Number of protein chains: 2
Amino acid sequence: MVATQTVDTRYSKPVLVAVNTLADDENGLQPLRNHALFKSLSNADLQSLIAQSRRLRLGHHQLLYRQDMPAHHFFFVISGRLRLYRLDSSGVDRTLDSIAPGDCFAEVMIYADPARYACYAEALKSSEILMIPVKAYQELLDTNPEYAHAALRHYAMRAVSRFHDLEVMTVQNARDRLIRYLIDLLPNGATEGGEVELPLPKCLVASRLAMQPETFSRILADLKSNGLVRVNRSKVFISDPKRLIEISQ
Amino acid sequence: MVATQTVDTRYSKPVLVAVNTLADDENGLQPLRNHALFKSLSNADLQSLIAQSRRLRLGHHQLLYRQDMPAHHFFFVISGRLRLYRLDSSGVDRTLDSIAPGDCFAEVMIYADPARYACYAEALKSSEILMIPVKAYQELLDTNPEYAHAALRHYAMRAVSRFHDLEVMTVQNARDRLIRYLIDLLPNGATEGGEVELPLPKCLVASRLAMQPETFSRILADLKSNGLVRVNRSKVFISDPKRLIEISQ
DNA sequence: CTCCCCACTTGCTGCAAGTCAACCCGAGAA
DNA sequence: TTCTCGGGTTGACTTGCAGCAAGTGGGGAG
């Protein structure tokens with residue numbers, strides 16, 4: 001069942017999306033069960049939540065919501081990839097986060113007041129997401145204290161990780177910020193090397209790290225020529241993270 | 001009733017604090033009632049929580065906790081001021097936040113797992129804080145769903161404001177970051193001018209904004225000579241925030 | 001296949017910010 | 001009072017990063 005709807009018409013350039021109701025289609029939603037926000041839900045409650053949700057398909061560069069739009073939904077990424085960004089007064093676009101399949105975003109809106117999106121969200125490639133009404137989840141929280149615990153745990157983790165991001169951004173020079181960023185992408189916390197995939201195109205990683213794309217490119221070329229990394233498109237191979245860390249002092 | 005105790009002995013330089021149990025002394029705790037985390041508590045529950053808490057007095061530059069210390073408490077500031085910071089591998093100290101009376105901090109630990117402090121915390125001047133056992137608050141959350149709602153609302157606000165901080169740090173040049181910081185200190189969101197007090201000594205504001213103290217000083221001097229601000233010790237008077245914003249493009 | 005397009009790279013130049021050092025000045029101690 | 005100390009400012013110099021512009025190369029459209 002596929003329809004087309006306008007998510008919000010009060011803003012310029014209405015966002016058009018293909019919609020797929022889920023009551024009759026629960027395939028591909030296993031990952032939901034693995035997410036902290038849904039893991040503890042009873043089957044019945046999860047079904048009910050899914051029934052009230054919509055599955056959206058977003059195309060490359062398609063905008064999902066705008067900053068300051070009233071927020072009635074939060075989102076779960078089934079496939080694809082999105083990014084969160086803001087625009088400053090001069091129209092410069094500053095990337096704040098990237099979202100992978102299995103992640104939630106804008107979930108903070110479940111309790112924010114006033115409930116308005118804090119940034120823009122757009123698909124980086126063709127993506128499928130679940131659009132969950134904030135109200136439905138809120139009501140669920142009331143029915144079982146354990147659900148609230150799960151939500152609190154999730155929020156706490158989020159807060160810690162944002163705090164961590166903030167720390168990286170107080171690193172003063174561009175090279176060290178980039179190194180910190182790469183290290184943080186390593187799954188096993190710098191204990192051993194490995195290949196990491198940049199979650200964003202290079203020019204957006206640059207924006208995320210408060211530097212110009214050219215600077216990003218030059219620093220990476222420099223690390224490469226020093227044998228610290230090997231780069232293949234969006235994949236960066238880090239042989240010796242320890243050495244990388246001591247380079248950054 | 002005043003005693004002295006060692007907060008944690010497993011780390012070098014044990015932190016010594018003067019302790020004042022609160023069962024018999026509830027004075028000066030009105031501000032607790034105004035904080036989102038405690039506002040909705042019943043009198044009995046609040047009393048019980050206070051009874052399980054300790055009032056600490058910290059001296060100038062006294063360390064309250066270290067990064068990665070196991071976290072069994074979170075804190076409410078009664079008077080004074082604290083700062084949160086991290087140390088990188090080369091020992092450089094990077095300020096992440098400042099805490100004023102009436103604020104909570106490390107409250108994210110109520111639900112973090114593993115529960116370890118994400119940063120260092122030290123008093124910037126003589127301060128009085130309430131040290132609340134995480135476990136006591138957790139247990140309270142179980143007794144009343146409304147308490148969990150309050151906590152979730154609070155966490156959501158925190159997340160939004162950290163997100164905002166992150167955005168400021170992606171501003172590329174030092175002058176604009178400083179301007180954004182000053183604007184954010186204005187109580188009424190840049191609609192009208194006013195005098196703001198820097199919540200940290202200038203050299204720490206500089207660290208918070210990822211710049212050198214000299215750069216901070218020069219930028220402020222420049223804004224001053226352009227008539228955009230007037231500076232008196234730690235107070236900055238902003239006559240026309242609109243103009244300041246357009247300067248920063 | 002060819003062409004174009006877009007993401008990225010590279011070279012060059014200038015400016016913003018870091019570094020090092022000297023100096024200032026107010027607060028507190030002697 | 002004078003001395004010292006610490007936070008802050010200023011100056012001279014150096015450097016890292018940005019800005020612009022030209023070049024490269026892979027992928028998709030036709």
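Since we're looking at a predicted model, the values are computed, not measured. Note on naming: letters A, B, ... go to the chains in the order of the sequence lines (proteins, then strands), and numbering restarts at 1 for each one. For the numbers below, each heavy atom of this structure counts, side chains included, while hydrogens, waters and symmetry mates do not.
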Just list the side-chain donor-acceptor pairs under 3.5 Å for residues 200-207 of chain A, sequence neighbours left out, or say none.
| from | atom 1 | to | atom 2 | distance (Å) |
| --- | --- | --- | --- | --- |
| Lys202(A) | NZ | Arg233(A) | O | 3.3 |
| Ser207(A) | OG | Thr95(A) | N | 2.8 |
| Ser207(A) | OG | Thr95(A) | OG1 | 3.2 |

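Annotation: side chain of Arg175(B) is in contact with side chain of Ile247(B) (closest heavy-atom distance under 4.5 Å). Side-chain contact between Leu32(A) and Leu130(A) is present, with at least one heavy-atom pair separated by less than 4.5 Å. By the 4.5 Å heavy-atom criterion applied to side chains, Leu64(A) and Leu56(A) are counted as neighbours. For the pair Leu182(B)/Leu198(B), a side-chain contact is recorded, criterion being any heavy-atom separation below 4.5 Å from C-beta on. Inter-residue side-chain proximity for Phe105(B) and Asp103(B) is flagged as unmet; no heavy-atom pair is nearer than 4.5 Å.
With ring centers used as reference points, Phe75(A) lies under 6.0 Å from Tyr65(A).
Summary of helix geometry: the two end axes of the helix from dC1(C)-dG30(D) to dA30(C)-dT1(D), each defined by five base pairs via their C1' atoms, are inclined to each other by 30° (rounded to 10°).
The stretch residues 194-208 of chain A has no heavy atom under 4.0 Å from DNA chain D, so no residue of it qualifies as close. If you check residues 169-183 of chain B against DNA chain D, the residues with a heavy atom closer than 4.0 Å are Gln172(B), listed by number. If you check residues 218-229 of chain B against DNA chain C, the residues with a heavy atom closer than 4.0 Å are Arg218(B), listed by number.
In this structure, Asn188(B) contributes its side chain and Thr191(B) its backbone to no donor-acceptor pair below 3.5 Å. For Arg55(B) (side chain) and Met131(B) (main-chain N/O), no donor-acceptor pair under 3.5 Å exists by modelled atom type. Proximity of a side-chain donor or acceptor of Ser127(A) to a complementary backbone N or O of Lys125(A) within less than 3.5 Å is detected.
The side chain to side chain contact (heavy atoms under 4.5 Å, CB included) check on Arg218(B) picks up Glu214(B), with sequence neighbours excluded. With sequence neighbours excluded, the residues that form a side chain to side chain contact (heavy atoms under 4.5 Å, CB included) with Ala190(B) are Ile183(B), Pro241(B), Ile245(B). With sequence neighbours left out, the side chain to side chain contact (heavy atoms under 4.5 Å, CB included) criterion links Ala71(A) to Met109(A), Ala115(A), Tyr117(A).
By the 30° and 60° cut-offs, the orientation of the rings of Tyr85(A) relative to Tyr120(A) is parallel.
Here the shortest heavy-atom pairing between Pro101(B) and Gly80(B) reads CD-O, 3.2 Å.
In the 5' to 3' direction, nucleotides of DNA chain C lying under 4.0 Å from heavy atoms of chain A begin and end at dC8(C) to dG18(C). Boundaries of the chain B contact region on DNA chain D are dG8(D) to dA18(D), first to last in 5' to 3' order (nucleotide atom under 4.0 Å from a heavy atom).
Sorted by first and then second residue, the salt bridge (Lys or Arg N to Asp or Glu O under 4.0 Å) pairs with a member in residues 74-101 of chain B read Glu167(A)-Arg86(B), Glu167(A)-Arg94(B), Arg83(B)-Asp93(B), Arg83(B)-Glu122(B), Asp88(B)-Arg94(B), Asp97(B)-Arg162(B); sequence neighbours excluded. Listed by first then second residue, pairs satisfying ring-ring contact (aromatic ring centres under 6.0 Å, His included) with a partner in residues 184-206 of chain B number zero, not counting sequence neighbours.
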